[in-house]
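First listed ligand is number 1; within each ligand, the first listed atom is number 1.
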Amino acid sequence: MNIAVQSAQLGSVDADAIVVNLFQGTSEPAGATGAVDQALSGAISRLIATGDFTGKPNQTAVLYPSPDQQLKAPRVIVVGLGKRDDFTLDKVRQASAAAARRARDLGIKRLATIVHGAGTGSIDPSRAAQAVAEGTVLGLYRFDELKSRSTSAGGADEEDSTKKEIEQLIVVELEQAKLAEIEEGVKRGRHLAESQNFARTLVTRPGNLLPPVALAEETQKMADQVGLQFEALDSNQMERLGMGALLGVAAGSDQPARFIILEHNPPGSEGQQPVVLCGKGITFDTGGISLKPGEGMWQMKDDMGGGAAVIGALRSLALLGAPQRTVGLIPAVENMPSGKAIRPGDVLRAMDGQTIEIISTDAEGRLVLADALAYGQRYEPRAMLDVATLTGGVVTALGHGAAGVMANDPDVVERLKRAADATGERVWELPLWDDEYKRAIRSDIADMKNSVGRAASAIGGGMLLKQFAKQVPWAHVDIAGMAWTETDSPYKPKGATGYGVRLLAEYAAGYAG
Ligand code: BES
Ligand code: MN
Ligand code: ZN
């Protein structure tokens, strides 16, 4: 989809539909919506008066001007913004997505929209425009690369609907003074949302189509396109580095592991301490010898969701020309049971020399990330994050509402919370108190053990990773409840969410200057 910014009166815009908005409880539309209402001889006001449209969040209605009504577009889509008091940037993302999806259902090719929130919502025009672009691009996301139309089980209707695509979004603003800011916001929003969609596609691709080598190849292709430095270490190279924890997990699989390294080194950033982002890249998690139950196991293709978030974030930083030097480290491994697999009771030695007793081969994410964090030390990072679908425990604690954050440094947590406020990707802190929780990872025969059982299991994962962050300001982000959704919402269609892409990009960018 192409996105254009145009300075014009809404009525004169040449498009298949124009989108305007309404706050809940408004009886007389004002601003751009008011102007369109007038052109429609009060049709929007009547829509409200009948009670058919209240303006509740993401409600949509379609109106059809008559030829003499001074509107060039043949349709007007009205979208609800909810109550004025509850208005946030996220409502802009949602409303933009809801309107765009309604338009796509109608088969519309060229869609014009006002910048929700920039008028009477009094949000900064650049941020509002960014949210419009984000909501639209994210809301229209579909994964259709594996549907062959002739054999689709969905029947004729579904086949038709998958052909419908919006070709152009026209963002309309009358005030010349706001145009440059809106252009800038639209560009940011598009790069961020397209990068998030890239991550969604990686997560949705099943384990057989995206094993570690394929993930590395896809990442390299992307890196070449956007100008990121790329490297992927193979097993021999990892062996030489002493990455025994990662290689222990890899041992059970016939799919060779890769350690993916992405670097965003913007001009003038030489000598700058980078932000290092590590993402769990388990391309499929069977649990290994500690085999998972079969029911729902298919979803463990999303166990590289942290890695995909890091890859997507680096992509967007490159496209935006962000000034902060940033490194992405993705240990890409498949966790399988076999005669070569590690056993419960085995002890592995990580790259920094620390030893880990394996209690469960299903607690594999912390093992591959231990080596990633150890490798990350060589950059002398300003700060380091790891992002991972690490534990069922975090889903028990927070459900699908927020990622769990655990850290060794309050400033990192503060920055993450600020980034989350801006992007609408919620985080919630859990404690990593040494005096309370360190004993849980104590092992009788090694430096630590990899599983703590049911009590505080999310924190158990965080405590192990903390041993590898050492002196670097660090946070662990457990996204096990966030990488996938079974509920459809306007800009988060059912399936892979791409959670973390915008959060990590915003977080890293926060270190610039
Ligand atoms: N990938 C899983 C965690 C997971 C669970 C992600 C549910 C998404 C949804 C992880 O590797 C795992 O198996 N964790 C175990 C750890 C336990 C053995 C200490 C868990 O949480 O049950
Ligand atoms: Mn596991
Ligand atoms: Zn896992």
Could you tell me if R439 sits above the aromatic ring of Y437, with its cationic atom closer than 6.0 Å to the ring centre and no more than 45 degrees from the axis?
no
Sidechain N-carboxylate O distance under 4.0 Å for E194, R190: yes
Answer with yes or no whether the side chains of E425 and T423 bring together a donor and an acceptor at under 3.5 Å. yes
The atom name of the N, O or S atom in E364 nearest to the Mn ion (ligand 2) is OE1
Of all heavy-atom pairs linking E380 and Q273, the shortest is O-NE2, 2.9 Å
We want to know whether Y379 and E263 form a side-chain donor-acceptor pair, criterion being a heavy-atom distance below 3.5 angstrom.
yes
The angle formed at the Mn ion (ligand 2) by OD2 of D285 and OD1 of D362 is about (to 10 degrees) 100°
The atom name of the N, O or S atom in D303 nearest to the Zn ion (ligand 3) is OD2
Close residues (non-hydrogen atom under 4.0 angstrom from ligand 1) work out to K280, D285, K292, M300, D303, S360, D362, A363, E364, R366, T389, L390, T391, G392, S451, A480
Tell me yes or no: between the side chains of Y141 and T201, is some donor less than 3.5 Å from an acceptor? yes
Atom name of the N, O or S atom of D285 nearest to the Zn ion (ligand 3) is OD2
Atom name of the N, O or S atom of E364 nearest to the Zn ion (ligand 3) is OE2
Worksheet item: Under 3.5 Å, is there a donor-acceptor pair between the D478 and T391 side chains?
Response: yes
Nearest heavy-atom contact between A383 and Y511 is CB-OH, 3.4 Å
- Does the ring of Y507 carry R415 above it, NZ/CZ under 6.0 angstrom from centre and within 45° of its axis? no
Is A388 close enough to the Zn ion (ligand 3) that one of its N, O or S atoms comes in under 2.8 Å? no
